[in-house]
Each structure stands twice: as structure tokens, then as C-alpha cells.
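Notes follow the structure.
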Protein chains: 2
Amino acid sequence: MSKKPEEYVVDAWIALLRAKEHALDHVEKSFKENGLPPFFWYDVLWELDKAGEKGLRPYEIEQGMLLPQYGLSRLLARMDKAGYVERTPSPVDGRGQQVTITEQGRETRQNMWEVYSKGIQSTVGDTFNEEECRTIQNLLTRLHRQKV
Amino acid sequence: MSKKPEEYVVDAWIALLRAKEHALDHVEKSFKENGLPPFFWYDVLWELDKAGEKGLRPYEIEQGMLLPQYGLSRLLARMDKAGYVERTPSPVDGRGQQVTITEQGRETRQNMWEVYSKGIQSTVGDTFNEEECRTIQNLLTRLHRQKV
DNA sequence: GTGTAATAGATGCGCTTGCATGTAGTGTCA
DNA sequence: TGACACTACATGCAAGCGCATCTATTACAC
């Protein structure tokens, strides 16, 4: 493994990079235009929304999220300040805290989804048919299923 | 257009995001481990290397690059400081400058490519066969060919 | 228990970024 | 040639980030 890549490999790589940049830029811009918080906030709010009243510990949110520990720590501080989440000391672990979403946080996530889903539809949805979507998903999922 | 996305659309979107993050993180990490500059530098060095002795104007580099004007301006300043590029006043436009790659810049680009190509191979190349690569390229290229 | 290692999370520092704006040179139209 | 818009690039400021490190607590070994 790890010989020099063939040209078609590089082409696929470039297509992947550009596609994601392009699509994500579009969504980020939409968020901004609508006065909504940046992209990463959505994922956190969504995790917390799913978790419900009991909330989550920061280290639980961190799993599967592509943020380093200190990044999440500061993100939560900002979200707290914005009134979207609440942080209370964990009852079971003196080092930790429970993070729960607030009503305002839930509303904001909903607002973000309105914009986000439009972005997904106008990029991916309006470009590919169902079969193509499934092909993309099947293929690309292989990339992050493995340890590289 | 722009109705709510179907589930398979969202799945494809998520796969796209994660795949790119995952693969790019891997490459960025490799650069760092090898004491090389970050990812974006590669693209700029590559453009300049291709351009040869006559170099490029910053606004020419900016085209097709996913950096804002001020981002490129400061990136070039850093690359200049690092000794990878030279900036001289443009002979034909008093407002502008010509940017050329230095020998050291060329070497660094080469070193980056050694690492970069291994990353591409070990993510995309070792995961997909030729047909799959072409499928990915054909599909994803549609995403940024269009105005969204 | 006591000492040591590991874990949860926060934070100081320096660098990078985004946003808005600044500066200087060019083009254009009368 | 002079006024005015436009383009090329730089930059001050505030916010964000990576890196290393810190504090507080828990877990584990003996």
C-alpha cells in the first residue's frame, strides 16, 4: 500500500475536496445571511436536543464530533453565553458537568435546520437522483469507516 | 427546487462531509508530523511552480482558490517571510505585484507532495478501485460545476 | 489510607481568520 | 486634465484556533 497514486485517484481526491468546500461554503454563507450561528453549533445542538433533559457530558459530545477537547470547551462556553445551553456540575463526577439544551437552543436548532436543509437540498438533492445519492453514500462511507 | 431533502440526500451529504474531514485531517496531520506547512500552502506553491519564472499576480492566484483576498494577502506575506516566494512590484501595474516561487519554495512543494501523495493514496487510493474513483469524480464534479 | 496515574474540563499565549476599511494606483468619461 | 469610480492589495481589530499546560477530581495499586 501507499505507492504513488494513479491519476484517477488524484482526480477523485480533488473532486472530493472541492465538492465539500463548495457545498459547505454555501451552507455557511446561508447561516450567516440569516443571522444564525456557524455550522458546528448545529451538530452540538442536535446532539443535545436528541439527548433530552438529562443532557450530555462534554466528553460524550466530543465523541464522533470533529472538535478537539479545548475547542468544544470553548464552544460550549460561547453557546452558554448565547443562552443555547446550560452547564451544571455533574452530580456523579466532581470533575465534570452536564450540558443541556435550552428552549432557545432548541428553537435555534430548528431555525438552523430550515436553512441547513435547504442548503443540502439545493446542493446534493438537486444535483443527484436517488441512486446516485446511495452510490455516494455507500462509497464515501468506506472512507471514514476505516482507520487510515 | 429546494423542498425538504429526502433521507437518502441527507445521508449522502453526511457521508460527503465526514469523508472529506476525515481524509483531510489525515493529510494535515501528516504535514504537521513532517514539519511541513499547512495544506493551503501546497496549492499556492503548486500554482506558482506551474507559472514558472514570470510568476503570478495575487489576484490570479486567488481565482479558483478558496481563499478570500485578505487571506491570500497574508498567506503570501507568511510564505515570503518563510522564504518560499518572492514578491516584487508589478512592472505593468503600480498597484500590484508579481509573486514568484523560490528554489526553497519548489523544494518544499516537492517535500509536501511526497507526504500529500501518500495521504491521497492511503485514503482514496487504497479504498477505491479505478472504476469507483471515476464514479466519485464524475459525480462530485457536478457539485461545483454549477452555481448553487 | 497514601501515593501515583489517569480523566474532565479550563485557560494563557501566540498565531490565524473574518470583517471592515484604508491606501494607492488605474480606467474612463467629459 | 480633473473628477470619480474601480481595482489591487494591505491592515487594525476582535474573535477563533492550536498547543501546551493547569486545576480539580477520580481511579487504581499497594
Side-chain angles (χ1 to χ4, degrees), chain A residues 21 24-44 47-48 51 55-82 84-100, chain B residues 21 24-44 47-48 51 55-82 84-100:
Chain A
E21 289 296 336
L24 194 55
D25 278 5
H26 177 249
V27 171
E28 280 282 20
K29 204 177 293 176
S30 304
F31 282 147
K32 232 167 250 180
E33 280 164 6
N34 290 80
L36 290 165
F39 185 75
F40 258 123
W41 292 43
Y42 182 84
D43 279 348
V44 175
E47 289 301 318
L48 289 172
L56 290 170
R57 301 281 300 273
Y59 76 91
E60 292 175 306
I61 304 176
E62 198 187 325
Q63 329 236 306
M65 189 125 317
L66 302 103
L67 268 178
Q69 178 270 322
Y70 55 82
L72 180 59
S73 171
R74 291 198 265 225
L75 177 53
L76 288 173
R78 269 173 271 146
M79 292 175 74
D80 188 345
K81 202 168 151 197
Y84 296 163
V85 305
E86 255 174 36
R87 292 182 293 174
T88 52
S90 165
V92 298
D93 187 338
R95 297 165 298 183
Q97 54 190 207
Q98 288 297 122
V99 186
T100 51
Chain B
E21 288 296 338
L24 194 56
D25 278 5
H26 177 249
V27 171
E28 279 283 21
K29 205 178 292 178
S30 304
F31 282 147
K32 232 169 250 179
E33 281 166 4
N34 289 81
L36 290 165
F39 185 74
F40 258 122
W41 292 43
Y42 182 83
D43 279 347
V44 175
E47 290 300 320
L48 289 172
L56 289 171
R57 301 280 301 274
Y59 76 90
E60 292 175 306
I61 304 176
E62 197 187 327
Q63 328 237 303
M65 189 125 316
L66 303 101
L67 269 176
Q69 179 270 321
Y70 56 81
L72 181 58
S73 170
R74 291 199 266 228
L75 177 52
L76 287 172
R78 270 175 267 145
M79 292 174 75
D80 189 346
K81 202 169 152 196
Y84 297 163
V85 304
E86 256 174 34
R87 290 183 293 172
T88 52
S90 166
V92 297
D93 187 338
R95 297 165 299 183
Q97 55 193 202
Q98 289 297 122
V99 186
T100 51

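Since the model is a prediction, treat every value here as computed from it, not as a measurement. In the text below, chain A, chain B and the rest are named by the order of the sequence lines, each starting its count at 1.
For F39(B) and dG18(D), the CZ to P distance is 17 Å, given to the nearest whole Å. Atom-to-atom, CZ of R57(A) to P of dA10(C) comes out at 11 Å; the value is rounded to the nearest Å. Protein atom OH of Y59(A) is 21 Å distant from nucleotide atom P of dA24(D), rounded to whole Å. Note: CG (D80(B)) to P (dT11(D)) measures 12 Å, nearest angstrom. Straight-line distance from the NZ atom of K29(B) to the P atom of dC17(D): 18 Å, rounded to whole Å. L72(B) places its CG atom 11 Å from the P atom of dT17(C), with the value rounded to the nearest Å. Atom-to-atom, NZ of K81(A) to P of dA10(C) comes out at 15 Å; the value is rounded to the nearest Å. Separating the CG atom of L76(B) from the C1' atom of dA8(D) is a distance of 13 Å, rounded to the nearest angstrom.
The base of dA10(D) sits within donor-acceptor range of the side chain of Q69(B), with an N or O pair under 3.5 Å. Donor-acceptor pairing under 3.5 Å, judged by distance alone, is present between the side chain of R95(A) and the base of dT7(C).
Between R78(A) and dC17(D), a side-chain N or O to OP1/OP2 separation shorter than 4.0 Å is present.
Side-chain atoms of R57(B) and D93(B), non-hydrogen and from C-beta on, do get closer than 4.5 Å to each other. Side-chain contact between Q98(A) and P91(A) is present, with at least one heavy-atom pair separated by less than 4.5 Å.
Nearest nucleotide to the side chain of K32(A), out of dT16(C), dC17(D), dG18(C): dG18(C). Listed candidates were dA8(D), dT17(C), dA8(C). Nearest to the side chain of D93(B) is dA8(D). Out of dC9(D), dT26(C), dA20(D), the shortest distance to the side chain of S73(B) is found at dC9(D).
Residue-environment remark: CD (E86(B)) stays at or below the threshold of 12 foreign heavy atoms within 6.0 Å.
Atom CD of E62(B) sits about 12.5 Å away from atom CG of L56(B), to the nearest 0.5 Å.
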Which atom pairs, one a donor and one an acceptor, fall under 3.5 Å between side chains of residues 36-43 of chain A and the rest of the protein, sequence neighbours left out?
{"residue": "Y42(A)", "atom": "OH", "partner": "R109(A)", "partner atom": "NH1", "Å": "2.8"}

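Along DNA chain C, the nucleotide nearest R74(A) and the nucleotide nearest Q98(A) are compared for position; the residue whose nucleotide lies closer to the 5' end is Q98(A). For the pair V92(A) and Y70(A), both in contact range of DNA chain D, the more 5′-proximal nearest nucleotide belongs to Y70(A).
Among the atoms of the strands shown, none is found under 4.0 Å from any heavy atom of G71(A).
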